[in-house]
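Position 1 is the first residue of the sequence; numbering continues from there. As the structure is a computational prediction, the values presented were derived from the model and not from experiment. Order of listing sets the numbers, starting from 1, for every ligand and every atom in it.
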Amino acid sequence: MSKVRIYELAKRLNMSSKEVIELINKEFGIEVKNHMSVIEGDDANIILEFVEEIQKKDDDASSMDNAKSSSKTSDEEKNKDEDFDELELLDDDFKRNEKIRKRPKSEKPKNRFIREGKKSEECLEEIKLVQIPDTIKVGDFAERIKKPASEIIKKLILSGVMASINHEITFEVAEKIAEQYGILLEKEEKKDKKEVLINDFEDKEEDLKPRPPVVTVMGHVDHGKTSLLDCIRHSRVTESEAGGITQHIGAYTVDIDDNKIVFLDTPGHEAFTAMRSRGAQATDIAVLVVAADDGVMPQTIEAINHAKAAKVPIIVAINKIDKNGANPDRVKQELTEYGLIPEDWGGDTICVPVSAKTKEGIDNLLEMILLVAEMQELKANPDRPAKGIIIEAKLDKGRGPVATVLVQKGTLHIGDAIVAGTAYGKVRAMIDDKGRKVKSASPSIPVEVLGLSEVPNAGDILYCVEDDKKARQIAEINQEKQRVEYFESTSKVSLEDLYSQIREGKVKELNIIVKADVQGSVEALKQSLEKISNEEIRVRVIHGGVGAITETDVSLASASNAIIIGFNVRPDSMARQAAEREKVDIKTYRIIYEAIDDVTAAMKGMLEPEYSEVITAKLVVRATFKVSSVGTIAGCYVEEGKINRNNDVRVIRNGIVIYEGKISSLKRFKDDVREVAAGYECGITIERFNDIKEGDIIEGYTMEKVERK
Ligand SMILES: Nc1nc2c(ncn2[C@@H]2O[C@H](COP(=O)(O)OP(=O)(O)OP(=O)(O)O)[C@@H](O)[C@H]2O)c(=O)[nH]1
C-alpha cells in the first residue's frame, strides 16, 4: 500500500514541511498535523502523482537546466527508490493514467467530507449542488463550480484526463473533479435539440396585435358549403381582383370594410383532424352549414363533434332559406339535441338564416363571424420570426414543391430560411390568394410558398429559422423522429394497454367513437359506456353515428386519441388502412354487453379475451347462382389478401354485418381448393346462409392469440 510522510514530500518539492501541509490541505482538503504525519492509500497515490506532475512541469520550464536536471534526476531517482521503497510507484505517465482509469469505482478517492469522517448531516450543509449538461467545456465547468480553470486542468491531468480549457469533458469526468471540492453535480434537464434550434418563444402581451379570424365551413353533403363559400368570395371580390379569383390555394381572404376574414377552403373535417393530429390548430371559428329544407344530418353531427373536440366556436348558417320547404325553426329545434341552443332561444349559439342562391343573410353571417372573432380577441405578434401551418401542398411541374402556408405568428418574408416537417429551404417567392406576388405575409394571411426542398404534409408546422443550415438540421431531426415514430408504436390509447396507460397517468379520459347499424344501438352504447366512468378515468363518447366505420371516423379518433367501437358494423378498407397507419384501435362487437364488459375490464386491467381478429381477405360478390343441392353459390372476386377454406367469414352489406359463419365450400371453376389469392375469382358457399346478394362483401378472418402488455 502507498504511504508517504510530509517531510519526504517537502524534500522532493524543495519546500518546507509547513508549506507542504498547507498545500495538501488547500489542494486536496487533507488535514495533517505535522511533518511526521503519514498519508496512506489512494490519498498518497494522488499526492505523489501531483508531486510528479509539478516536478515534470518544472523540468519542462527550464530547458537550460535540462542536462543538469537529467543527471540530477537519475540521482534523485535513486534517492527516491531508497526513500519511497514502500511505495508502489509506476514508471511512466501512461501506466499511471491506466491505473487510475482502471481503478474500480469502490476504490475511488472519497470526497473530503467522507474522508475526514464527518457526519453526513454536517456534510449536507457544506455540499453544493451544481447543474451541468451531459458534456461541458473545461472553462465553462470551472465557471459553474466557481473554481480557477487552471486548478481544474491540473486535477484533470492528475486523474488521467489531458484536457485544455476548451476541451469538452463528460459529466462522469466532471463529477469526479467536483467531488474533490465537495460539490455534487446534477445533470441539467436535456432541452430538445430542435427546440434549441427553433427558439419558439412566448410573445409578450404588449407585442400582440389583432389578427383576422380563420374560418372553416363544414356541413352535410349538398347543404351548400361550396355555394356559400363561392357566394362570399364573389360578392366580396372587387372588379380589379376578379381575374385572380380562379386561383386556388386552399384558403382565401375577404375584406369587410377595414377587417379581413380568412376562409379555409379545404374539406372541413380535414382542417380539423389531419391538422389536429399533428398538434396544430388552424381554425378559430367553424361555420356549420345546415340546409333549412333538410335539417340536421349525419355529417352535420360529425361536424359538430369535430368542432367541439377542437374547442372551436360554432356559428350555424341555416342555408337555402329561399326554398319552399325551408323550415329554419325545425333546424334550430334539431340543433338543440346536440347541445347547440340558438341565441334567440336563450342559448349562446349564433344562428344566421342565409341563402347562397339569393345572397340573403350573407352580410349578416360575415358580421357575426367578425363579432365572434372580436369576442375571442385573436392576436399575434407580427414582429418576430414567422411560424405557420401548412394548409395544403403539392408538387407543381414548373415550380417544384408548392405549399400553402397560413402564417400564425410573425411575418414571413422572401429569403427567409424555413423548415416544415422534413422539407426545408428558402422562401423563393410568395403568391397570395388573388394570384399576386407578395414580399411578406403577416399573421392569419394565407400564401403559396415556393422554395421548399420537398412537399410537406398538410398540418406540418412551418418555422422560420436563422439560416439554411439550421433549417436543414431541423428537417433532419424531423426525419429521424418520423422514422422512430414509424417503428415505435405511438402512445395512442388501445383497450389492450389502457390499464398500463392509466397507471402511468398518461390517460385520464377515454375517448370513444361509437358506430352502429341503427341509431338505437348508438344511443344505448353511448349511455352505457359513459356510465362506467370511475374516479381514475372518465369515459366520453365524442362521436356516435350510424353506418360503416369510415376513414373520417379514424381521423377523428386519431386526432382525439380515441378508440372506435363498432356494433354490427365494420370498417371499410380505407378506414382499416388508416387505422393501421394512425395506430387507432378499432373494436367491433355483435353483442352490446360484450363491448361494455371489454371496456370495463380494460379499465381494470383485466381484459379477458386473449384473441384478436386478423382479417385475411376481402371478397366482392359479383354474381350468385342457386343450386338446389348446395344452396346459393357466391361467385366472388378476391380483392385483398388470401381466402382460406378454414377461415371464418362474415357477410357485409352496405357496411353492416348481416351474417357470420363458416365456409362450406371454396372452389376455383369446378375444383375444391384450399385457398384463393387476391386477383382471382372463386365460388363460395357459406354454412347455413343462402341470402347472399351481388355487391355483398365477404370478409375472411382468423382469431389469433395476442400477448397482453
Ligand atoms: N335554392 C338554393 N339552393 C342552394 C343553396 N345553396 C346551395 N344550393 C344548391 O344545393 C346544391 C348543393 O350545393 P353545394 O354548394 O354543392 O353543396 P356542398 O355542401 O358544397 O356539397 P358537397 O361539396 O357535395 O358536400 C347545389 O345544387 C346548389 O345549387 C341555396 O341557398 N338555395
Side-chain angles (χ1 to χ4, degrees), residues 214-237 245-252 254 261-275 282-283 285-307 310 312 314-332 334-335 338 340 342 350-369 391-392 404 433 458 543 545-548 550-556 572 574-575 655:
V214 180
V215 177
T216 295
V217 177
M218 306 170 88
H220 192 69
V221 62
D222 274 353
H223 277 198
K225 297 179 291 289
T226 315
S227 308
L228 191 69
L229 275 168
D230 281 353
C231 169
I232 292 171
R233 205 172 184 191
H234 283 88
S235 64
R236 287 285 160 182
V237 172
I245 63 161
T246 44
Q247 178 84 9
H248 171 92
I249 69 164
Y252 59 85
V254 294
I261 302 176
V262 180
F263 285 91
L264 288 188
D265 203 359
T266 50
H269 69 86
E270 269 178 34
F272 282 101
T273 52
M275 293 179 192
T283 309
I285 297 166
V287 168
L288 179 70
V289 183
V290 190
D293 61 339
D294 205 18
V296 171
M297 299 301 279
Q299 277 173 282
T300 318
I301 302 164
E302 208 172 271
I304 294 173
N305 292 332
H306 276 294
V312 166
I314 299 171
I315 296 177
V316 181
I318 304 177
N319 192 28
K320 305 196 187 184
I321 50 161
D322 59 288
K323 277 188 124 180
N324 274 340
N327 187 350
D329 277 350
R330 202 191 79 208
V331 174
K332 287 182 188 174
E334 287 170 355
L335 286 170
Y338 300 93
L340 299 182
I350 298 175
C351 295
V352 188
V354 295
S355 164
K357 195 174 170 192
T358 65
K359 297 192 173 46
E360 192 187 338
I362 300 294
D363 285 347
N364 192 15
L365 175 66
L366 295 173
E367 253 174 55
M368 288 303 138
I369 293 174
I391 300 298
E392 55 178 40
T404 298
D433 58 316
H543 175 61
V546 173
T550 63
E551 206 183 349
T552 315
D553 296 323
V554 176
S555 8
L556 176 60
D572 59 27
M574 298 292 281

When every non-hydrogen atom of D293 is compared with those of K320, the smallest separation belongs to OD1-CD, 4.0 Å

Heavy atom under 4.0 Å from ligand 1: found in D322's side chain, backbone, both, or neither?
side chain

Within the structure provided, determine whether I304 and L335 are in side-chain contact (heavy-atom separation under 4.5 Å).
yes

Kindly indicate whether the side chain of P328, heavy atoms from C-beta on, has any atom under 4.5 Å from the side chain of I321.
yes

So between H223, M218, K320, whose heavy atom ends up nearest atom 10 (O) of ligand 1?
K320

Tell me whether Q299 reaches ligand 1 (any heavy atom closer than 4.0 angstrom to a ligand atom).
no

Taking both backbone and side-chain atoms of A356, is any N or O found less than 3.5 Å from an N or O belonging to ligand 1?
yes

Within a distance under 4.0 Å of any heavy atom of H220, pick out the atoms of ligand 1 and give their elements.
19 (O)

Could you tell me whether the side chain of V316 reaches within less than 4.5 Å of the side chain of K332, counting heavy atoms only?
no

Closest contact, heavy atoms only, A282 versus L264
CB-CD1, 4.0 Å

Looking only at protein heavy atoms, identify the closest one to atom 22 (P) of ligand 1 and say how far it is in Å.
D222 N, 3.8 Å

Go through ligand 1 atom by atom and flag the ones less than 4.0 Å from a non-hydrogen atom of K323.
1 (N)

Of all the atoms in ligand 1, which lie at a distance below 4.0 Å from a heavy atom belonging to T226?
15 (O), 18 (P), 20 (O), 23 (O)

Which residue, L228, V296, N319, D294, forms the side-chain contact (heavy atoms from CB on, under 4.5 Å) with H223?
D294

Beyond-backbone contact of D553 with T550, side-chain heavy atoms, under 4.5 angstrom
yes

Looking only at protein heavy atoms, which one is nearest to atom 24 (O) of ligand 1, and how far off is it?
V221 CG2, 3.4 Å

For atom 17 (O) of ligand 1, is the nearest protein heavy atom closer than 4.0 Å?
yes

Counting both backbone and side chain atoms, is some N or O of G224 under 3.5 Å from an N or O of ligand 1?
yes

Only heavy atoms count here, so choose which of K357, K359, K225 is nearest to atom 25 (O) of ligand 1.
K225

Can you name the atoms of ligand 1, numbered from 1 with element, that are less than 4.0 Å from a heavy atom of S355?
31 (O)

side-chain contact (heavy atoms from CB on, under 4.5 Å) between H306 and T552, worked out
CA-CA 10 Å; H306 276 294; T552 315; 3.9 Å; yes

Flag this pair as yes if the NZ/CZ of R233 is under 6.0 angstrom from the six-membered ring centre of F263 and inside a 45 degree cone about the axis; otherwise no.
no

Pick one of side chain, backbone, both or neither for how N319 approaches ligand 1, counting any non-hydrogen atom pair under 4.0 Å.
side chain

So which heavy atom in the protein is nearest atom 15 (O) of ligand 1, and how far is it from that ligand atom?
S227 OG, 2.5 Å

State, to 0.1 Å, how close I314 and L288 come at their nearest heavy-atom pair, and which atoms those are.
CG2-CB, 3.9 Å

